[in-house]
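Proteins get letters first, then strands, A, B, ... in listed order; numbering begins at 1 in each. Predicted model only: the values in this text are computed from it and were never measured.
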Amino acid sequence: MKWISIFCCLSLLMGPCPSSWAGVVDESELDIQTREIAKTLRCTVCQTENIWESGAPLAQQMRNVIRERLAQGQTPEEIRAYFLSRYGDYILMQPPKRGINWLIWLGPFLLLFFGSLLLLREVIRWTRATPPAPPPPTLDERARQRLDRELHSES
Amino acid sequence: MSRGTQITLIVILVGLFALFYQGLWGDPRHIPTVLIGTKAPTFIGPDVETGRPISLDQFRGKVVVLNFWASWCYECRVEHEHILRLHREFQHDPNFVMLGVNYQDELSDAQRYLQRFGSSFPHVRDVKGTIAIDYGVYGVPETFVIDQHGIIRYKHVGPIVGPTYDDLKQHMLMPLLTGTEPSTL
């Protein structure tokens, strides 16, 4: 009886899981495409989120627009071009690779490259400018005899 | 490090700092619109007060001021009396039309808002948010001016008050309604 009760409790607890799994499994091609496009577009009222992740009503409406346009047969490129024509480059999560935007894409690599060059140049210059270490002073006869004595006495 | 390299590094650092400073103190609302000079998207929607359909096409050949608002928006309340004043000033011109677009709102809230604060021109309900998206709206209030040829000539994000009101009236609406070229705002 005890085991039946435990089994029933576990069944009740597990109950909601299959339906939520089903939601994921049943994701249609339209849902997938909507998600992929929505992830590339910025939520204009929350600014740091894309419209797929945003809970803002405008983001929800934008997702609906994407879905409707996909259902009408538009391609992802056409849908992105539509949003771009309404909001400009700002709507894109990744700035397009053209014009001044190349500075954003290449800037960090250029800074790293030229910074490394500068660092390398300075290290080479510093190592060249540093005089080599002077040779150790030679032992005079008295010091050498003393050293021999001490070494022999230890052995 | 040579003197020349030092100067170059200082110039780069000052440039980066200036960019950062500008971004820090610039107006975050200022995002250049891509819609100026383009054809105004047409739309059709129910009137907030009567439910009758309103279409932009029925105002073809007129100068249209399109004001996006919502009852939950504080800045819309701030500008509301100025919007009504703007309408009063130009309503006798047969080429002038003013349209409100109610954005992301409950119908009952929008109707109560108009009853409380007054309404002298029609307001379209943007039921699915598609009008706002078509006009690249970020938030409310936002105001557009469409010329007689159906071209978007002006967009302002924020309330139409103070100098913005004067600029809109004198440098945009009056020239458009008198057939002269408005100055760039």
Worksheet item: Please walk me through it: do B:Lys128 and A:Asn64 pass side chain to side chain contact (heavy atoms under 4.5 Å, CB included)?
Response: CA-CA 9 Å; B:Lys128 291 164 80 179; A:Asn64 291 341; over 6 Å; no
Worksheet item: B:Thr8 and A:Phe114: side chain to side chain contact (heavy atoms under 4.5 Å, CB included), yes or no, with the steps?
Response: CA-CA 12 Å; B:Thr8 311; A:Phe114 287 111; over 6 Å; no
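- For B:Ile133, the parts sitting under 4.5 Å from any heavy atom of chain A are the backbone and the side chain alike.
- Cluster membership check: A:Tyr87 does not share its hydrophobic cluster with A:Trp52, using side-chain heavy-atom separations under 4.5 Å among Ile, Leu, Val, Met, Phe, Trp and Tyr.
- Using a 4.5 Å cut-off on side-chain heavy atoms (C-beta onward), A:Leu58 and B:Tyr103 make contact.
- Dense packing is recorded around CZ of A:Arg35, with more than 12 heavy atoms of other residues, nucleotides or ligands lying under 6.0 Å away.
- Linking Ile, Leu, Val, Met, Phe, Trp and Tyr whenever their side-chain heavy atoms come within less than 4.5 Å leaves B:Leu99 and B:Tyr113 in two separate clusters.
- By the 6.0 Å contact criterion, CD on B:Glu106 is open, its count of non-hydrogen atoms from other residues, nucleotides or ligands being 12 or less.
- Linking ILVMFWY side-chain heavy atoms closer than 4.5 Å, directly or via other members, places B:Val101 and B:Val48 in two distinct hydrophobic clusters.
- Neither the backbone nor the side chain of A:Gln60 comes within contact range of chain B; no heavy atoms are under 4.5 Å apart.
- Atom OG1 of B:Thr38 sits about 6.0 Å away from atom CZ of A:Arg86, to the nearest 0.5 Å.
- Interface remark: A:Leu84 contributes backbone atoms only to the contact with chain B (heavy atom separation under 4.5 Å).
- Comparing B:Ile12, B:Thr130, B:Val137 by how many heavy-atom pairs each has under 4.5 Å with chain A, the most go to B:Val137.
- There is no path of hydrophobic side-chain contacts, each under 4.5 Å, that joins B:Trp69 to B:Ile146.
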